[in-house]
Amino acid sequence: GCNTESTSSSEEELSSSNSSETKTEETALEPITINANIDADAIIQSEGPYGESAVSATTLELTVEDIEKIKEGNYTAALVMHYAGNDWSNAQINGLETTFEKMGIEVIAVTDAQFSAEKQVSDLETVMARNPDIIVSIPTDPVSTASAFKRAAEQGTKLVFMDNVPSNLTHDEHYVSVVSADNYGNGIAAAEVLAEELGGEGKIGVVYHDADFFVTKQRTEAFEATIQEKYPNIEIVARGGISGPDDGLQVASAMLTTNPDLDGIFGVWDVPTEGIVAAARAAGRDDLVITTIDLGANVALNIARGGSIKGLGAQLPYDQGVAEAILAGYALLDKETPSYVAVPALTVTQDNILDAWEMVYSTSAPKEVQDAIQNN
Amino acid sequence: MTKIALRMSEISKSFNGINVLDHVNFELEKGEVHALMGGNGAGKSTLMKILTGVYQKDSGKIVINDKEIDIEKPQDAQENGVAMIFQEFSVIPSLTVKQNIFLNRELKKSNGFLDEKAMYVQTEDLLKQLNVNISPDMLIENLSVGFWQMTEIAKALAQKASILIMDEPTATLSKNETETLFKLIETLKSEGMSIIYISHRMDEIFQVSDRITVLRDGKFVITSPTAHLTMEELVQHIVGKSMESSFGWKPRSYSKEEVMLETKDLHSGSKVNGVDLHVYKGEILGIAGLMGSGRTELAQAIFGIDPITSGEVFVDCQAVRIKQPQDAIRAGIALVPEDRRVQGLVLTHEVKENIIYPILNKVSKSGFINKKKVDQLSEQFVEKLNIKTDSIYKSTNLLSGGNQQKIVLAKWLANEPNILILDEPTNGVDIGSKSEIIEIIRELADQGKAVIVISSELAELLAVSDRIITLKNGKVTSELSREEIKSEEDLEHAIQNH
Amino acid sequence: MQSKIINTTTATKRPAFDWRNYIVYIAFIGVFITFSITLYDYGFLSTNNLLNIVRQTAMISIMAVAVTFVISTAEIDLSVGSIAALSSLTAALAIQSFGTVGGILAGLGTGAIIGLINGLLVTKVLIPSFLVTLGMMIIVKGIAMWITGTAPVPILNDAFIFLFGSGSLGPIPMLFVWTILIAVIGHIVLRKTTFGRQTLATGGNESAARFSGINTARVKLIALVSSGMMAGFAGMLYAGRLEAGRFTFGEGAELSVIAAVILGGTSLFGGVGTVVGTIFGSILIGTINNGLIIMGLDVSQQMMVSGLIIILAVAFGRKAKKR
Amino acid sequence: MQSKIINTTTATKRPAFDWRNYIVYIAFIGVFITFSITLYDYGFLSTNNLLNIVRQTAMISIMAVAVTFVISTAEIDLSVGSIAALSSLTAALAIQSFGTVGGILAGLGTGAIIGLINGLLVTKVLIPSFLVTLGMMIIVKGIAMWITGTAPVPILNDAFIFLFGSGSLGPIPMLFVWTILIAVIGHIVLRKTTFGRQTLATGGNESAARFSGINTARVKLIALVSSGMMAGFAGMLYAGRLEAGRFTFGEGAELSVIAAVILGGTSLFGGVGTVVGTIFGSILIGTINNGLIIMGLDVSQQMMVSGLIIILAVAFGRKAKKR
Ligand SMILES: Nc1ncnc2c1ncn2[C@@H]1O[C@H](COP(=O)(O)OP(=O)(O)OP(=O)(O)O)[C@@H](O)[C@H]1O
Ligand SMILES: Nc1ncnc2c1ncn2[C@@H]1O[C@H](COP(=O)(O)OP(=O)(O)OP(=O)(O)O)[C@@H](O)[C@H]1O
Ligand SMILES: O[C@@H]1[C@@H](O)[C@H](O)OC[C@H]1O
Ligand SMILES: [Mg+2]
Ligand SMILES: [Mg+2]
C-alpha cells in the first residue's frame, strides 16, 4: 500500500473541522479508499460466483475529481439488506453510509428482509418506487430474488452486491460488482487458530449452518478441508446443524453430551457461537477451545478476557461497505469495474484484538474489551 | 325500622332508544315472597338486573333498608344483601358445583389459602337441603341443565342474602325439585328473607307468593296481595285483556292405525335403557318423568345427537338409521331442544338467521340463499308466535328469555316436520303465549303430524297430550290414555311409583 | 292470535349503523390519505407503487380469505405459511417434469392434502386445531427443508410465471386478478350461500348448529381443506413471483394472515366473519409496510410505527364491542 | 304436597377418572423412556444432559406459567418473546450503570410496564388481546432493535450471571431453581387462592363471573401484567445465560409458550388451566428437541419428528373431549 493520507479517524475529523472554518459546505475532499492498514498483498482464497479470482479491494480508489463529479449528479442509493440485525450488517451499512455521504449520495432507504426472500423482493420493489440510482444489496437467496434484481437492473439502477450474486445475472450487463470477504480464507483462519490451540491433535465438533447459504457453506468447507488436509491428528467427531442464530446453545449442548471428550468446537458465525460458549460453561467445560468467524462485540469480549473463544477469522464489513460504495461510484462514472472484489481475511486472537477491532469497525474497541486486555 | 326491604321507584330503562322500563314502581316487604309477573319481554328480568347491578337504570331510585343506594356493578348489590338466581345461568361450566357455589366468596383457611374441605362440607349440606344428591366435585358441564339450575339456586342461597331474586328458578325443574324449593322458600321466609319470585307457572305463583306485581310492556300495572286475585284476573292483568285459558284439555280424534314413529328396545348411553314407544299420525304423546329419568336423552337419541347403542327407530314403519341429526331431519323428525341457550340458539346471531338454520335448504336454490324468502319467513314466524323483538335483525341474546324460547320453536315449525319432538317447549314462555303454543301444537297434530311433548309442567302436559307415558331410569314405566288421568295427582303418582 | 296484546314490533328495521364495525376501512382510508399526502413526492401514489402493494399482499390476502372461514368456525390454521413453502417446492419440482398443469395440480394438491389431514385430525380425532396446525406447521416446514435439502428450485416455465407471477391482464397484474377472484368467491360463499351460514353458525354455537342439523364436522373439514388449498395457491404465487420454490417462503405468514383476518373484523371466537374486511385488513398491513419503507424508516422504526398503527386502528373502533 | 313423594335427585356421585386429562404426563413418560433406551449410549440420561433439558426449557417454562393464567381467562399474550428480548437489553444496560439490583428492576419493570399497557388496552379500551399483543410484539421488537441499534450488550456482572445464568445452588442450576419456584407459586395461586378461582371463572364465562361480583377486568389485567413480568424475568435468564442482552432472544418463543400451555391441558377457550400440565408441556417439548438433536437428526428431520410427536401425543388423549 502506498496510500499515506487516510489514517486514523481522529485525524480525519481534525482535518475536516479545520477546513470547515474556511469553506462552509465543501469540506476538503480526499480520495476515498478502504482502510490503508489492510494488507494489500494478502492472498485471497475465495473465488467469485463465476469462479473468477478476486481483485483486492485495496486497489480501489476514487480521486478527488471523481468525487466532485459524482457530487454533481445528486445521486441516490438504497441498501436492500438480507438482514440488518447483527454487527456484520451494521458495520457494512455504516461503511456504506459514511462513504456515500462523502460522495454526496443520499441513502434514501435501508431495508431489512429478515432472511425472507419474498420480503426482500417486496422491499426491492418498494424502494424502486423512488428510483434510486444505486442499490447495494446482498441477495437472501440467489435463485428466488433473481428476477426482481434483473428488473431493477433493467430500469437502469446500478447494482452492487455483497457476498453473493443472484443467479443468471451477469457482470456489466446487470451488476457492477460483487464485494465479499474472503470467506474461504476466514474458514482457514478459524481452523488454524483452533489447530494451534489444540497442539495439532484432538477431537472437535463443527456447528454448521443447515441451510443453502453461500458464505456460510464456503467457510465450513474451508474449515473442514483445512483440518482434514493439514491436521491429520485432529478428528471431526461431531457435526451439528443450526437453522438460525439461536440454535447454537442447544446443538452444542447435545454435542457435548454425546461427546464428553470433545476438545474444540468451530461455530459458523459469532452469534450462534455465543451459544456454544454458554453450552461449554453449563457443561463445566472451561477448557473447550472455540473458534468462529466474524468479530462480534460479545465474542471479542470473550477473546479479550481469555474465555473459551481463542480466535476467529474476521471479515472487514466496514471496508466491504466502503469498497461497495467506491464501486458504485465507478459505475456512475462509467469506469470499468472488476466483477469480483474481495477484502482479505483477518486472523484475530487475544494478541491483536484491539488493532483488529479498529481494522474491522474503523472505531476503537469498546471499553469493556480494552479493560479486559489491560487487566490481563 | 320499617317493614319495607326494598323500594324501586320510577325506574326507567331503554336500550338503543327503545323503552323497556317506563317509570316502574316495585316494593318488597321484609319476609315476603313477592311475585313479579308479566308477559315475555315485559321487563321483569331487566328490572331485576338493574337491582343486581348488571344493567344501570336511566332514571329512578332504589332504596334498600331505608337507604337510597347506587348500584353500579354486581358487587354493589352483593354488598347490600341482594342475591339473584339468573334466568340465563350464571354458573361457570368449567368449574365444579362446589367452586361455583362459593365463587367469589371462597372460604379460606387461616393461612389465606382456599379451604376446600370446608367448602365441600358446606356444599354437601346445601345440596342435602335441596335434596340433590350429586358430588360437590362434579363439573357443571357434565351435568344436565336441571342440576345447573339447582347449583344456581344453591349458590344464591349460600350467599345468605336478605333479598333473594329468583328469575324462573323452576323452568328446568320437575315437580319434585320444585316442591323441595318451595319448602325451602318457606324456611327462608320464616328466617326473614325477602324473596322476589318470577315465574310463568300460575299454579306456583298462587302456591308460593304473598303479593304480586304485574308489569306489562315495561309499565307498572298493579301490586296486590295474592289472595285478592283470581287466576282469571291475574291473566287479564298480564295480557291486558280477558282470555280464556287453553289449559283445559279437549279430546281430539285421530285414527290409531298409522304409526308414524316407533322405537323398539332403544338404548343410548346409560340413560336410555330399552325404550319402546310409538306415536300415531295426528297424535300428541306426552312424556313425563323426574329430572334425570332420561327424557331428554331419549329425545336426543331419536334425533341423532346421542349415539344409539342398540335398538331401532321406525318412521312410517320403515326402519331408519339415525347417526346424526341430518338423518333424523331427512326422516322428517324435528327436535325442539331443552336448553335454548346452549342447544337452541346461536345467541350472537340475528333472529332471522336463527330461524333459518334448520331450513337452509328450503330457503336456498343451488346453495344460494334467497334473502327475500328468509325475511318473509322470519317475519311470518315472529308474527305467528308473537315474538317481541325490535326487528328480525335483532341479535337473539338481546331478547327476553321467553322470546328466545319462541324462536327455538319457530326454527322447527318453519321446517314443517312430520314428527315433532318438543323438549320443555314452553320453558319460560308467558301464559298468553303458552296457550297459543298449545293451540299450535294441536293444530299441527290435526294436520296429521305426530307430536311428542316432554314437559315437567304437568298442567301443560295434561292440557296438550292425547296419551302420556312415564319414564324412569330410561325405561317406560307406564302408559296412560288421557281419559284415564283424572287429576295432576294421578299423573304424579304414575311418575313417582313404579 | 291476539297480536295486539303483546306488542310485536316486527318492523323490518335494520340495526343501527355503527361505524365501529367498519374500523378497518376507516383505518385504511386514514392511512392511505396520510401517506398520499406525506409521501406524494416519493412516488407513493405512482401506479407502480400501488400495484406493488397489491402484488406484495396477494399471498397474505388469498390465504386470509380461506382462514376467515376457518376462524369463523372458531378453529384456527397455523400451518398456512409452511404449506405455502412446501407447495412452492412441489409446484416447482412438478413443473420440471410435467409442465404448467402438473405444477398447478402439485401446488394445489399439496395444500389440499395437508388441509385434509388437518381437518380429519380436528374433526375425527378431535384434537384442538391450534395444536394440530401448530404440529403440522412444524412437520410441513421440515418436509419442505428436507425434499430439496433446503436448496431452492428455479422455475423456468414462462406460462407458469406469467399466470402466477409477473404476468398481467392488460394493466392489471395477475396477482391482483387472483386476489380479487378469490376474494369475490370467498365473499359470496360466506354471505350468500348455505355453506357460509353453516360456517358462521358452527362458529357461533357448535352445539346449536348441530341441533339445527348442520354437519359441523363437515363444515370445519371443508374450511380447513380450503385453507390448505389456498395456502397451496399462495405457494404457487410465491413461486411464480420469485421464479423459484423455496422452503422459507411464507415463513411467519400465519401471523400476518390471522392479523389480517382479525383486523378485518372476524372474531377469533367464531361466529362472525367478513371476507371484505379481511382483504382490507391485509391491504392495510401491506400499505403500512410499504409507506414506512418508502418513508425511509429503518426496520426498528417501521416495527414500532406499524405495531402502533394496528393497535390505534382498532382502539378507535372497539369502544363498544367486547370481542 | 306430601313430602314423601319428594325423592332426591341424583347424578353420578363422583367425577370419573379420565386418563385422557393426563395425556401430557403420559406423553412425557413415553418420550422419556423411549429416549432413555434408544439414546442411553449417547448420554441422554447423564445428569448433565438432564440438567441441560431443564436449563434449556427454563425460559419457556417460566413464561408459560404466567401465560397459563392469561389463557385461562380466555385471553392470549403474543408479546412475551419480544418482551424477553427487550428486558434482556434493559437489564444489561441497567447493570452497567446500577449493578445487579438495577438490572433486576429494569428487567422485571420493563416486562411489567408492557404487560400493564397490554392489560389496559384489553380491559379498558376493549381491544381483543390477540391484536393488542400482536401489535405490542411488533412494537417491542422494534424498540429492542432500536435502543442499541441491534447491538448486543455484554453483561460482566458476576452476581447477575450467577443468579440468572450459570450459577447453581449445590448441584441444582439456578435456572432450575427459578423454574420450580415460579411453577410452585403459579400452581398454588391457580389452585389454592381466590385469584386462581376468579381467573378460571373469568375464562369459563365472563358475564357469569361478573354477575358473581368478580372484577373480571382486574383479573385479566393482573394476568397480563404477570405475563409481561414473567417474560421480563425470562429475558433476564436469557441475558444471564448468554451473558449479554440481545434483541433476538425469545424470537418465536410465544408459539412455544402457547404450545406448552395447550399441550399441558389448558383450554385455549378459557376456564380450564393447569400450571403443572404447562410445565410438563414445556419439558416435553424440550425433551423432544434435546433427544432428536442428540440422535443426530438434521434440522429438517427434527422438525418432522417433533411435530409428529406433538400431534400424536394429543391424538392419543383427546378422543373424548371436544376442546
Ligand atoms: N341488552 C339489551 N339490548 C337490547 N334490548 C334488550 C336488552 N336486554 C333486554 N332487552 C329487551 O328488553 C325487553 C325486556 O326484556 P326482559 O328480559 O326484561 O323481559 P322479561 O320480562 O324478563 O321476559 P321473559 O319473561 O321472556 O323472560 C325485551 O324486549 C328485550 O328484547
Ligand atoms: N341414575 C342416575 N345415575 C347418575 N346420574 C343420573 C342418574 N339419573 C340422572 N342422572 C343425572 O341426570 C342427568 C339426566 O337428566 P336427563 O336429561 O336424562 O333427564 P330428563 O328426564 O330430561 O331430566 P331433565 O331434562 O329435567 O334434567 C344426567 O346428566 C345425570 O347427571
Ligand atoms: O457473513 C454474514 C454472516 O457473518 C452473518 O452473520 O450472517 C449473514 C452473513 O452474510
Ligand atoms: Mg326474563
Ligand atoms: Mg330434560
Side-chain angles (χ1 to χ4, degrees), chain C residues 74 76 78 82 117 121 125-132 134-147 149-150 206-207 247 252 254-256 258-259 262-263 267-269 298-323, chain D residues 74 76 78 82 117 121 125-132 134-147 149-150 206-207 247 252 254-256 258-259 262-263 267-269 298-323:
Chain C
I76 198 137
L78 297 172
S82 292
I117 299 174
L121 286 170
V125 192
L126 305 183
I127 313 179
S129 54
F130 186 92
L131 280 176
V132 167
L134 180 74
M136 199 54 87
M137 157 178 140
I138 303 172
I139 295 174
V140 172
K141 182 71 177 289
I143 298 175
M145 292 173 77
W146 170 77
I147 53 168
T150 75
E206 187 174 353
S207 113
F247 79 96
E254 55 284 346
L255 275 187
S256 309
I258 297 171
I262 309 287
L263 207 51
S267 161
L268 199 54
F269 294 87
D298 69 28
V299 169
S300 65
Q301 295 162 327
Q302 280 171 39
M303 293 179 101
M304 291 188 265
V305 177
S306 65
L308 210 62
I309 295 181
I310 291 177
I311 292 182
L312 285 181
V314 199
F316 278 112
R318 291 295 155 136
K319 201 73 199 163
K321 277 208 160 181
K322 285 306 310 297
R323 262 162 188 172
Chain D
I76 197 135
L78 298 172
S82 293
I117 300 174
L121 287 168
V125 194
L126 305 182
I127 314 179
S129 54
F130 187 92
L131 279 177
V132 167
L134 180 74
M136 200 52 86
M137 159 177 137
I138 303 173
I139 296 173
V140 172
K141 182 71 176 289
I143 298 176
M145 292 175 78
W146 170 78
I147 53 166
T150 74
E206 187 174 351
S207 63
F247 80 95
E254 55 284 346
L255 275 188
S256 310
I258 298 171
I262 309 287
L263 208 51
S267 161
L268 199 54
F269 295 87
D298 68 28
V299 175
S300 64
Q301 295 163 327
Q302 281 170 38
M303 294 180 96
M304 292 188 265
V305 178
S306 66
L308 209 63
I309 295 181
I310 290 178
I311 292 182
L312 285 181
V314 199
F316 279 111
R318 291 295 157 139
K319 201 72 198 167
K321 276 210 159 182
K322 285 306 311 294
R323 267 167 185 169

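Just so it is clear: chains get the letters A, B, ... in the order the sequence lines come, proteins before strands, and each one is counted from 1. What you see is a predicted model, and the numbers here were worked out from it, not measured in a lab.
- Contact of the Thr150(C) side chain with the Ser300(D) side chain is not registered, since no non-hydrogen atoms from C-beta on lie closer than 4.5 Å.
- Remark: Leu134(C) CG to Ile310(D) CD1 distance equals 6.0 Å, nearest 0.5 Å.
- Minimum heavy-atom separation, Ser306(C) to Ile138(D): OG-CG2, 4.0 Å.
- Looking at Leu268(D), only its side chain comes within 4.5 Å of chain C, counting heavy atoms on both sides.
- For residues 134-144 of chain C, the pairs satisfying salt bridge (charged side-chain N to carboxylate O under 4.0 Å, His left out) are Lys141(C)-Glu251(C), with sequence neighbours left out.
- Residues satisfying the side-chain contact (heavy atoms from CB on, under 4.5 Å) test with Ile309(D), not counting sequence neighbours, are Val31(D), Ile288(D), Val305(D).
- One finds the CG atom of Leu312(D) at 8.0 Å from the CD1 atom of Ile127(C) (value rounded to the nearest 0.5 Å).
- For the side chain to side chain contact (heavy atoms under 4.5 Å, CB included) with Met145(C), the qualifying choice from Gln302(D), Gln301(D), Met303(D), Met304(D) is Met303(D), the only one to do so.
- Only the side chain of Leu121(C) comes within contact range of chain D, with at least one heavy atom under 4.5 Å from a heavy atom of that chain.
- Between chain D and the options Leu78(C), Leu255(C), Val299(C), the largest number of non-hydrogen pairs under 4.5 Å is found for Leu255(C).
- Using a 4.5 Å cut-off between heavy atoms, Ile311(C) contacts chain D through both its backbone and its side chain.
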